[in-house]
Amino acid sequence: MPYNFADIEKKWQGRWSDSHCFESHTDPSKEKFFCLEMFPYPSGALHMGHIRNYSIGDVLARFLRKKGKNVLYTIGFDSFGMPAENAAIKFKTKPHDWTLSNIAYMTEQLKRMGYSYDWHREAITCLPEYYRWNQWIFLQMYKKGIVYQKEAPVNWCESCGTVLANEQVENGVCWRCHNAVTKKNLKQWFIKITDYAQELLDDIEKDLQGWPNRVRIMQTNWIGRSEGARLSFKIPDLNYELEAFTTRFDTIYGVTFIALAPEHELVKKMLEAMTPDEAEKLKAFVKKVTSQSSIERSDAKADKLGFETPFYGINPVNGKRVPIWIANYILSDYGTGAIMGVPAHDTRDFDFCRKYNIPVIPVINPVDGTQLDGAAMTEAFTEDGIACNSGEFNGLKTSEAIKKMIDWGEAQGICKREVNFKLRDWLISRQRYWGTPIPFVYCEKCGVVPVPEEDLPVRLPEDVEVKEVGHSPLLDLPEFLNTTCPHCGGPARREADTMDTFFCSSWYFDRYCSPGDEKAPFEKSDVDYWMPVDQYIGGIEHACLHLIYARFFAKFLTDIGLTEYREPFTRLLTQGMVIKDGAKMSKSLGNTVDPTEIVKKYGADTVRLFILFAAPPNNDLEWSDRNVEGAHRFLNRVWRYVEENCASLKQYGAKIISMDEIKAPALRDFKRKIHSTIENVTHDIYDEKQFNTAIARLMELTNAVYSLNDTSAEAWELKREAVETLLNCLSPFCPHITEELWEMLGHEKMLCLEPWPVADKNSLTQDSVTIVGQINGKVRGKFERPAGMSREDLQKSILSDPYMVEKIAGKEILKVIAVPDKLVNIVVKG
RNA sequence: GCGGGGGUGGCGGAAUGGUAGACGCGCCAGACUUAGGAUCUGGUGUCAAAAGCGUGGGGGUUCAAAUCCCCCCCUCCGCACCA
């Protein structure tokens, strides 16, 4: 009977589903394991990246169930978002219908892969059962004062027709469509994620040891903490105190100018105080700079542009007058939007001053004793050194100077210690239709009023026509827009913006714990039991997006008493990309491989095996049709062996023969192979998450089974043990074929319910070992010796071996190093 | 520029400081076959070679280095005027 994967896979998927064997329940008497994968966006069909992600997760889930853990493993769909609107326009359908039909198709695909999801926990974010709790959580945030509206220059993507959060702008372009992002002044909803900046930072070190270092560093940089001081410069002509932030208060004596961002509020006051002629020039400058795209403005290599104003500020430490400039390289939304310019010790300020002939005054000399000359310097000196030209602080080392000068400044009332973060508040509103409606109304009398919790959900109308990108159909729906004020009962208008979809994905794992809860987003007892996630698996691209937002949510939900955990994901695995012909598989490059086609041709087990064997999870994985065939060939080999030897194998296996009973060396080796395989595979799967080597070990065991030609009863007993071990250990990777063969061997209980095998220590002991004989560190011979020989005996034995005696004849032995059970190295001269 | 990974056969990749190249792909030879792009057996770093040489390059530590230290090169990724 050939290996008929199509029928076999269908059969077992049916059995698993009918028996509900993958459903899990909250049970504090059992040890839990929450295995989570980043849920997909229902774009239409699964791609190989999904298959890779979920195959990794399924191996872990199936493995841990066998290890006796109560495993929560399920999936959902992150189903709000732009593509549904675009598709609606293109295919003249409705986002709701398009999305749900995609979900249906992708669900089918997932089931075909044999993933052991608990489908009764599934969460679909675009359904009101789910998004009403987005609205509810948003209202809790509002109550706690961390939701606010603000008019501010925000990131605007013209092609998506909406604003974007800071995290969603990559190198000045939109993360989704890669078009240039501009700034626009709009009143928008924000969440004060910055309140949590310090905790988000601290907990990276404290609680995220199970995360890849790379992601921890990326988040650390994104949060971007810097310590320094805030100080102010009096501007007599404008009767204004200009505040600036600096991390280098020790360079305060080196200030030769002040620079403002063109958006700074002081610019307005300046314009009023300037002559009309000068004001026109300044206006033109500001216009020029602010009309630059984000890409141009944030390019560090681009030319620095400045405009010298007729105003000056007073350096608080020495009373010196310094000119005030407006410059394009000053960011309006970091610090105070103004800087103290110290060209001698800051690269950017240096470039600026050389261009505009502003004096350079060094206030730190290198430790080697060189005296810097401001006029002659060719680049800024940014290293630590010794303070000079700094009055009473001369001679201090930089680290000391920073501390002492700020101490002094604080005592004098000149400055105040301050910590700044790069992290910005999370801009949550989107000018889109297909998202969670923001639960607020605008009342002429009462202003901005939250929708009362009992009125949730604010339902998103589903029967709409999306006509053009950038225009939400909600704006044309009076029945949605027109409402009454919950406060005064008067006429009011609904907020037509929807939430960033990252809001949905910040807590879906909590929902998995309490599926279908109608009274709350989740039951505390469920979440207390299941959370935090023990293993999260997904792409690196979310390092500073989803993974920061979800961490923030965890902290907020705990602060309002809904949960007990402060970090949602204990361990994180970021799988590499699936590559073909040297590039990431993508529709636009036309180098995709459709999982459905491959599953049809080879079966789900083969696809899973290939994708897990071809590379370790963290590496990128090059698709190879040949290697898919290789994986298929291996499964055929396993199938053929069990099928052809089924009768003999079934005849035996009544008892497991212990190592002590086995005499023949070949059989002892075979027994050892079985148990070392168990030990290594267990370690590779759980400790290393190194599935490629785990599979390699199973291939070795298969090879060993094939090569054992002994047909004694004893040998058959052992072969039975080997085959059953092989099937059990292979089953998390290739669950269908292994169930089928397991059944063929006469088992009635499903293999997925069978406990994971345990390596027998006694079967692992070596009878003899290969000792490497080295001369001067070079391998010269190999010798079989009994295991466990003492250092002395081993040394004697190898030194007296005729082969080695001959090799070292006539040479003077200087030293001998013997490592028990490993090697003997003879150091000789001559 | 700053930060973080990587660099091992023809390829994907293995190697607690201790036999470099497990396992697989590919390739070569043979067997079985009407046939093989099925299957099985053997071989496969380099070199004519038992020797020698081999883990990006150069130094070093060590009895012993892919692995530890220093310098350099290449490559991928992230951040990028954050004061």
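All values below were derived from every heavy atom in this structure, side-chain atoms included, with hydrogens, water molecules and symmetry-related copies excluded. Quick caveat, the model's predicted, so the values are computed rather than measured. Lettering of chains follows the sequences in order, A, B, ..., and the numbering in each one begins at 1.
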Atom pairs under 3.5 Å, N or O on each side, protein against nucleotides 51-53 of chain B: can you list them with distances?
unit_1 : atom_1 : unit_2   : atom_2 : d
B:G52  : OP1    : A:Arg780 : NH2    : 2.9

**Message:** Within the 4.0 Å heavy-atom criterion, would you say A:Asn619 contacts the bases, only the backbone, or no part of the nucleic acid?
**Reply:** sugar-phosphate
Listing time: all N or O pairs from protein to nucleotides 15-18 of chain B that are below 3.5 Å?
unit_1 : atom_1 : unit_2   : atom_2 : d
B:U16  : O4     : A:Lys822 : NZ     : 2.4
B:G18  : N2     : A:Gln774 : OE1    : 3.4

**Prompt:** Is A:Asp333 touching bases, backbone alone, or none of the nucleic acid, heavy atoms closer than 4.0 Å?
**Reply:** nothing
**Message:** Does the protein touch nucleotides 25-30 of chain B at the base, only the backbone, or not at all? Give it as B, S and - per nucleotide, heavy atoms under 4.0 Å.
**Reply:** SS----
**Prompt:** Residues two or more places apart in sequence or in another chain: which of them pass side chain to side chain donor-acceptor pair (under 3.5 Å) with A:Lys822?
**Reply:** none
**Message:** Among B:C81, B:U19, B:G13, which nucleotide has an atom closest to any side-chain atom of A:Thr770?
**Reply:** B:U19
**Complete:** Stems of at least 3 consecutive Watson-Crick or G-U wobble pairs (donor-acceptor distances under 3.5 Å) involving RNA chain B, listed by first number, are B:1-7 with B:73-79, B:10-12 with B:23-25, B:26-31 with B:39-44, B:56-60 with B:68-72
**Item:** Upstream residue (5' side of RNA chain B) when A:Ile695 and A:Pro616 are each assigned their closest nucleotide
**Value:** A:Pro616
Between side-chain atoms of residues 250-257 of chain A and protein atoms elsewhere (two or more places apart, or another chain), which donor-acceptor pairs fall under 3.5 Å?
unit_1   : atom_1 : unit_2   : atom_2 : d
A:Asp250 : OD1    : A:Arg248 : NE     : 3.0
A:Asp250 : OD2    : A:Arg248 : NH2    : 3.0
A:Thr251 : OG1    : A:Arg248 : O      : 2.7
A:Thr256 : OG1    : A:Pro359 : O      : 3.0

**Request:** Have a look at A:Arg424 and say if it touches a base, only the backbone sugar-phosphate, or nothing, with a 4.0 Å heavy-atom cut-off.
**Result:** base
**Asked** Which of these, A:Phe307, A:Trp325, A:Phe350, sits in a ring pair (Phe, Tyr, Trp, His ring centres under 6.0 Å) with A:Tyr356?
**Response** A:Trp325
**Complete:** When rounded to whole Å, the CE to P distance for the pair A:Met340 and B:A83 reads 12 Å
